[in-house]
Asks: 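If you scroll down you'll find the structure; I have some questions about it.
As the structure is a prediction and not an experimental result, all values here were calculated from the model.
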Amino acid sequence: MGRLFRARGVSMLPYGLLIAEDDPSMVRLYKAFLQGVEGVSLLGVTPSGEELLRYFRRGGRAELLLLDIYLEGSNGVDILRELRGMGVDLDVIVVTSESSPRTVGEAMRLGVFDYLVKPFGGSRFRRALDDLVAFRRRIDRVNSRMSQDELDKLLGGGEEELPKGLHRSTLKGILSLLSCFGEATVDRLSEEMGLSKSSVRRYMDYLVREGEVELRLKHLGRGRP
C-alpha cells in the first residue's frame with residue numbers, strides 16, 4: 001500500500017486570483033502565463049479600479065491580485081491604498097510599465113509582494129506567482145506564534161537565508177529602487193523606503209558583501225568623501 005503525504009495544516013485548494021489590467025492583450029498574455037502556475041485559480045478580470053473596489057465592498061473575496069498601475073480612470077497605487085484601508089486581506093503583485101522611484105516606493109510601503117516592470121517574460125511572471133503561492137502556504141501552515149528565527153526563514157522563502165534581521169521583501173524593495181535610480185545614497189533610500197538609515201546601511205552592507213551592489217565614494221567637497 002502506498003503512503004500519501006500532505007503538508008500539515010495547509011489547505012491545498014487553489015488561491016483565488018484577480019487581475020486588474022486595462023490592456024486586453026496583456027490579459028491574454030497573463031492567462032497564457034498562468035497555465036504554468038499551480039495553486040492559482042483565476043476568479044476574474046477588471047480594467048477598472050472602481051470596479052475592483054466595488055467587488056470587495058460587496059463582500060467579494062480573493063487571496064491574490066495582479067495590479068496594473070494604470071487602470072481605467074484611476075491609479076493602481078491609490079486603489080491599493082483604499083483596499084488596505086478597507087482591511088482587504090490579499091497579496092499583491094504589481095504588473096506595470098511604471099517604474100519611477102516614487103511609485104515603486106509607495107507600492108512597497110503598501111505591502112506588495114513583488115513588482116514586475118513591463119515587458120517581462122513568462123519565467124519571471126511564473127516565478128513571482130510561484131513564490132507568492134509558496135509563501136501563502138507556509139503562512140497557512142503556521143498555527144501558533146513564531147520565533148524570530150522562524151520568521152526570518154519564512155520571509156527568506158526558499159532562497160538563501162539572509163542574516164538575522166534582514167527580510168527578503170525589504171531587500172527586494174531596495175533593489176527595485178536602486179534599479180530605478182541607477183545609484184542612490186543611504187539617505188535617499190531611507191527616505192523612499194520609510195526605514196531608518198541604520199537599517200538601510202545593514203541591507204547595503206549585505207548587498208555589497210554579496211556583490212549585488214557596488215559601493216562608490218562620492219567627494220562632497222573640502223577633501224571629504
Asks: Hey, does the side chain of Tyr203 reach the backbone of His167 with a donor-acceptor pair shorter than 3.5 angstrom?
Replies: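 Checking the backbone N and O of His167 against the side chain of Tyr203, a donor-acceptor pair under 3.5 Å is found.
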Asks: Heavy atoms, side chains only, cut-off 4.5 Å: are Val95 and Tyr115 in contact?
Replies: no
Asks: If only side-chain N and O atoms count, and only distance matters, is there a donor-acceptor pair under 3.5 Å linking Thr185 with Asp187?
Replies: no
Asks: Would you indicate whether the side-chain heavy atoms of Val40 and Pro14 approach each other to under 4.5 Å?
Replies: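 They are not in contact (no side-chain heavy atoms under 4.5 Å apart), so the answer is no.
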Asks: Could you check if a side-chain atom of Phe113 sits within less than 4.5 angstrom of a side-chain atom of Asp131, using non-hydrogen atoms only?
Replies: yes
Asks: Kindly indicate, with the supporting measurements, whether the criterion side chain to side chain contact (heavy atoms under 4.5 Å, CB included) is fulfilled by Val37 and Arg127.
Replies: CA-CA 9 Å; Val37 179; Arg127 189 174 84 225; over 6 Å; no
Asks: Is it the case that more than 12 heavy atoms not belonging to Lys197 sit under 6.0 Å from its NZ atom?
Replies: no
Asks: Quick check: closest heavy atoms across Met204 and Val186, and the distance to 0.1 Å?
Replies: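 Residues Met204 and Val186, closest heavy atoms: CG-CG2, 4.4 Å.
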Asks: Please round to the nearest 0.5 Å and tell me the distance separating atom CG of Asp68 and atom CD1 of Ile79.
Replies: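 Separation between the atoms: 12.0 Å.
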Asks: Are any of the side-chain heavy atoms of Arg57 and Leu53 separated by less than 4.5 Å?
Replies: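 The answer is yes; the side chains approach within 4.5 Å.
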Asks: Step through the shown structure and confirm whether more than 12 heavy atoms of other residues, nucleotides or ligands are within 6.0 Å of CZ on Arg124.
Replies: yes
Asks: So, Ser100 versus Glu98: side-chain donor-acceptor pair below 3.5 Å or not?
Replies: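 Side-chain D/A pair, Ser100 to Glu98: present.
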Asks: Out of curiosity, Leu18 CG to Leu65 CG, how far, rounded to the nearest 0.5 Å?
Replies: 6.0 Å
Asks: Could you walk me through whether Ser48 and Glu72 satisfy the side-chain hydrogen bond (donor to acceptor under 3.5 Å, both in side chains) test, starting with their C-alpha distance in whole Å, then the side-chain angles of each, then the deciding distance to 0.1 Å, before giving a yes or no?
Replies: CA-CA 5 Å; Ser48 164; Glu72 288 184 2; 5.2 Å; no
Asks: Let me confirm one number: the CG-CG distance from Asp23 to Leu29, rounded to the nearest 0.5 Å.
Replies: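 These two atoms lie 9.5 Å from each other.
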Asks: Are the side chains of Leu129 and Leu64 in touch, meaning some heavy atoms are under 4.5 Å apart?
Replies: yes
Asks: Applying the salt bridge (Lys or Arg N to Asp or Glu O under 4.0 Å) criterion to Glu21, which one of Lys118, Lys31, Arg28 satisfies it?
Replies: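 Output: one option passes, namely Lys118.
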Asks: Given side chains that start at C-beta, do those of Leu17 and Leu43 come closer than 4.5 Å, heavy atoms only?
Replies: no
Asks: Main chain of Gly16, side chain of Glu63: is a donor-acceptor contact present, judged purely on distance under 3.5 Å?
Replies: yes
Asks: To the nearest 0.5 Å, what is the distance between OH on Tyr15 and OG on Ser41?
Replies: 13.0 Å
Asks: Kindly assign one of parallel, tilted or perpendicular to the pair Tyr30 and Phe120, based on the angle between their ring planes and the thresholds 30° and 60°.
Replies: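 Ring orientation, 0 to 90° scale: parallel.
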Asks: Would you say Arg81's side chain and Leu110's backbone share a donor-acceptor pair under 3.5 angstrom?
Replies: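 No, because the side chain of Arg81 does not come within donor-acceptor range (under 3.5 Å) of the backbone of Leu110.
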Asks: Ignoring hydrogens and angles, tell me if any N or O in the side chain of Tyr55 forms a donor-acceptor pair with the backbone of Arg61 under 3.5 Å.
Replies: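 A pair under 3.5 Å: yes.
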Asks: Are side-chain N/O atoms of Ser196 and Ser198 paired as donor and acceptor at under 3.5 Å?
Replies: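 Yes - a donor-acceptor pair under 3.5 Å links their side chains.
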Asks: Do Tyr206 and Pro163 come close enough that some side-chain heavy atom pair is under 4.5 Å?
Replies: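 Tyr206 reaches Pro163 side chain to side chain.
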Asks: Is Ser99 reaching over with its side chain to a backbone N or O of Val117, donor-acceptor style, under 3.5 angstrom?
Replies: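 Checked: no pair found.
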Asks: Evaluate the side chain to side chain contact (heavy atoms under 4.5 Å, CB included) criterion for residues Leu34 and Phe125: first the C-alpha distance (whole Å), next the side-chain angles of each, then the deciding distance (0.1 Å), finally the verdict.
Replies: CA-CA 9 Å; Leu34 282 169; Phe125 178 92; 4.0 Å; yes
Asks: Ile19 versus Met26: any side-chain heavy-atom pair under 4.5 Å?
Replies: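 With C-beta onward as the side chain, the pair stays apart.
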Asks: What residue among Ile93, Val94, Leu66 forms side chain to side chain contact (heavy atoms under 4.5 Å, CB included) with Leu116?
Replies: Ile93
Asks: State the CG-CG distance between Leu83 and Asp78, to the nearest 0.5 angstrom.
Replies: 11.0 Å
Asks: In Å, rounded to the nearest 0.5 Å, how long is the span from CG of Asp22 to OG1 of Thr46?
Replies: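 That separation rounds to 9.5 Å.
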Asks: Could you tell me which non-hydrogen atom of Ala20 sits nearest to which non-hydrogen atom of Leu71, and how far apart they are?
Replies: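 Between these two residues, the closest heavy atoms are O-CD2, 3.4 Å.
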